[in-house]
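Please read the structure below before turning to the comments.
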Amino acid sequence: MSLQFWKPGTSGPGSTLDRDTQAEGSLISSAPSYAPLSVQSQRERLPIYKHRDKILYCIEKYPVAIVVGQTGCGKTTQIPQYLYEAGWAAEGNIIACTQPRRVAATSVAGRVASEVGSILGDEVGYTIRFEDVSDKERTRILYMTDGMLFRETLVDPLLSRYSVIMVDEAHERGIYTDLLLGLLKKIQKKRPSLRLVISSATLDATSFLNYFTSSSSKDDAIIVSLEGRVFPVEVAYLREPTADYVKAAAMTAWTTHLQPHPGDILIFLTGREEIDRCLEELSELIPTRPKNSRRLIPLPLHAGLTSDEQLRVFETADRDTRKVIIATNIAEASVTIDGIKYVIDSGFVKIRVYNPRTALASLATVPTSRASATQRAGRAGRTAPGVCYRLYPLSAYESMADSTPAEITRTDMTTPILQLKALGIDDLMKFDWVSSPPSESVLRALEGLVAAGMLGEDGRLTAIGAQVAECPVELGIARMMFKSKDFQCGEEILTIAAMTSVQDVFIIRDGAPGALDELERRKFTAEEGDHLTLLNAYNAFVRYGKSSSWCKSHALSFRAMSRAVSIRSQLKKYMQRFNLPIQSCEGDGKRLRQCLVSGYWRNGARWVADGTYRSVRGNQVLHVHPTSVMFTRKPRSGWVVFHEMEETKKTQIRILTEIEPDWLLEHGHVLVDKRSTGK
DNA sequence: GAGCACTGC
């Protein structure tokens, strides 16, 4: 395999790409000073400080200011402080800044608190799920996840506590960001004094500007451009496309490593399997290392790793070593590693897509967008000028979409629509979306909500619908929490609700140790299926003191179990508020499983002789996920309900429990006799 | 007999 790169700026045609890298900002000319400085003068030395007056003027004059600046230019930490100093937090007002991720909200709040010279949770605070480090009276700058602020609109529809709301990282277009922007536009009509700051990457700024600009006025919104604190990154493309970008990535990393220049390497691939293969390719090359050259240390980085394993990418390497980090999209925005000088980009990413017609979610490997390619390249220029090798030709870049489709266009809308209904937004077709969800997705969600009794036939919220809209769980799970009153099993349903909300409860290692893990898991296995197995695991975790070492020796994830404990106690508060009794079924598995059916009533399936299932709705072929305790077992009754289905190579169902078929009849199903279609 | 991009309430 031979790989030939070329750089559009230096040879051949293609000067279009220059713009791409030049626009990202220029080298900062002023060298960092090491003289002791006060916090205030340090802040004044940030490049963004030059724009302070312009930012404040635009926010004062325009209802919406769209702030464009690269990651790291200081907008997230500085703008709320400028607003604070300019008096926007007077008279009990709060300046909010939303983040799409929990870690960002907490870490930024911590940094700003120290810059302001206050204790975190006093003048500067943060609010994320399970953690409210803010003071009702004293907090003036509040960092929070966008999901939390969206939720707050259910309690205070005009968000009257806030004078300015800054929506950070809006270009990522997460579902809560989009929903929030739609609501904020509505709120501003009723409360014109509210100021909005939308922070976005360059490529998406005009779409936000159009969204917030009405046809009648030019003074609704303005774009404020900030100088980025980013170094230039040279971009190189492959002359010819490659059939195997994993191998190409390993080879490019290796040739880069053999160059004398220092600096770490970051490779973007799509998933764990590719990362493992790339590690293998590299381990074959490493022994060919010439004497006296530095050592190469490959490090995988993906969400499936434990936090200890993830932290290894931050360890500083010795002087004669070089790190090569082989990562998924986690390194594009969620995890930032300094010292990267070379980025190698496969040009692909895995995204979750939802098909509203079949109600199936699947993971698809697709080309990245230009925005995402730019973001990946920018990871090489955080601390010094860098190089990005794109493992595809320039023509492939040119055929990429500008940005990744917003999450709202490719996700199940059931819960968001219930929440919008609870906010009094009745005509969803008229709602002013930043990007509209597919109409099929809206219709399907409405149909599901009517069938579940959350909306009446007239499309209006029912009494139970209003309560369920407040619960931070999926529709089916909320429904079984409410039904647990009839089956007297609230205690167990709470646990099951929490355990099905967390991922990767059991940690089954690869190879020989995996067999031992399987044996550990078998200790929790319940005859009836996965839900009761999860219940057993939770109860054992609590019984043995919620200990991390106990988890380790029983193939359980301590992180997942601890999260389940938090979720359970949060859900318990909701049940108490809604006067739902929290009774135990005292080991009566039948009652408990009947209650499960009340939530999963649309997820019934019938076993057929080849070991697969057929869905009750649609008679679709379903395969049991290999992590299920029902993977090898035929249910005695021949029937199950399942938590979710997902399309991979096949359609798979996860977390299943055996039921009696007549329990489904009570929910209006007509069952086909097994002899007529079974093999 | 076999598999998991990443968030969030």
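Values below: all heavy atoms of this structure, side chains included; hydrogens, waters and symmetry mates excluded. First the proteins, then the strands, lettered A, B, ... as listed; each starts at 1.
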*What distance separates A/M166 CE from A/S199 OG, expressed to the nearest 0.5 Å?*
4.5 Å
*Qualifying side chain to side chain donor-acceptor pair (under 3.5 Å) pairs, either residue in residues 470-479 of chain A, two or more places apart*: A/E470-A/R577
*asked:* Go nucleotide by nucleotide along DNA chain B from the 5' end; which of A/T415 and A/R410 gets its closest nucleotide reached first?
replied: A/R410
*Under the side-chain hydrogen bond (donor to acceptor under 3.5 Å, both in side chains) rule, collect the residues that match up with A/E332, sequence neighbours excluded.*
A/S372, A/R376
*asked:* Need two values: the first and the last nucleotide of DNA chain B, 5' to 3', having an atom under 4.0 Å from any heavy-atom of chain A.
replied: B/dG1 to B/dC9
*Answer with base, sugar-phosphate or nothing: what part of the nucleic acid does A/T648 contact at a heavy-atom distance below 4.0 Å?*
sugar-phosphate
*Just checking A/H623: base, sugar-phosphate only, or nothing, at a heavy-atom cut-off of under 4.0 Å?*
nothing
*Is B/dC6 in the syn range, within 90° of 0, or in the anti range?*
anti
*asked:* Please enumerate all residues that pass side-chain hydrogen bond (donor to acceptor under 3.5 Å, both in side chains) together with A/T177, with sequence neighbours excluded.
replied: A/D146
_If the condition is ring pair (Phe, Tyr, Trp, His ring centres under 6.0 Å), which residues does A/F150 pass it with, not counting sequence neighbours?_
A/Y176
*Give A/R101 one of three labels, base, sugar-phosphate or nothing, depending on what nucleic acid heavy atoms sit under 4.0 Å from its own.*
sugar-phosphate
*Residues two or more places apart in sequence or in another chain: which of them pass ring pair (Phe, Tyr, Trp, His ring centres under 6.0 Å) with A/F314?*
none
*A/I128 near the nucleic acid: base, sugar-phosphate alone, or nothing, with a heavy-atom cut-off under 4.0 Å?*
sugar-phosphate
_Need one value for A/F631: base, sugar-phosphate or nothing, where a base atom within 4.0 Å counts as base even if backbone is also close, heavy atoms only._
base
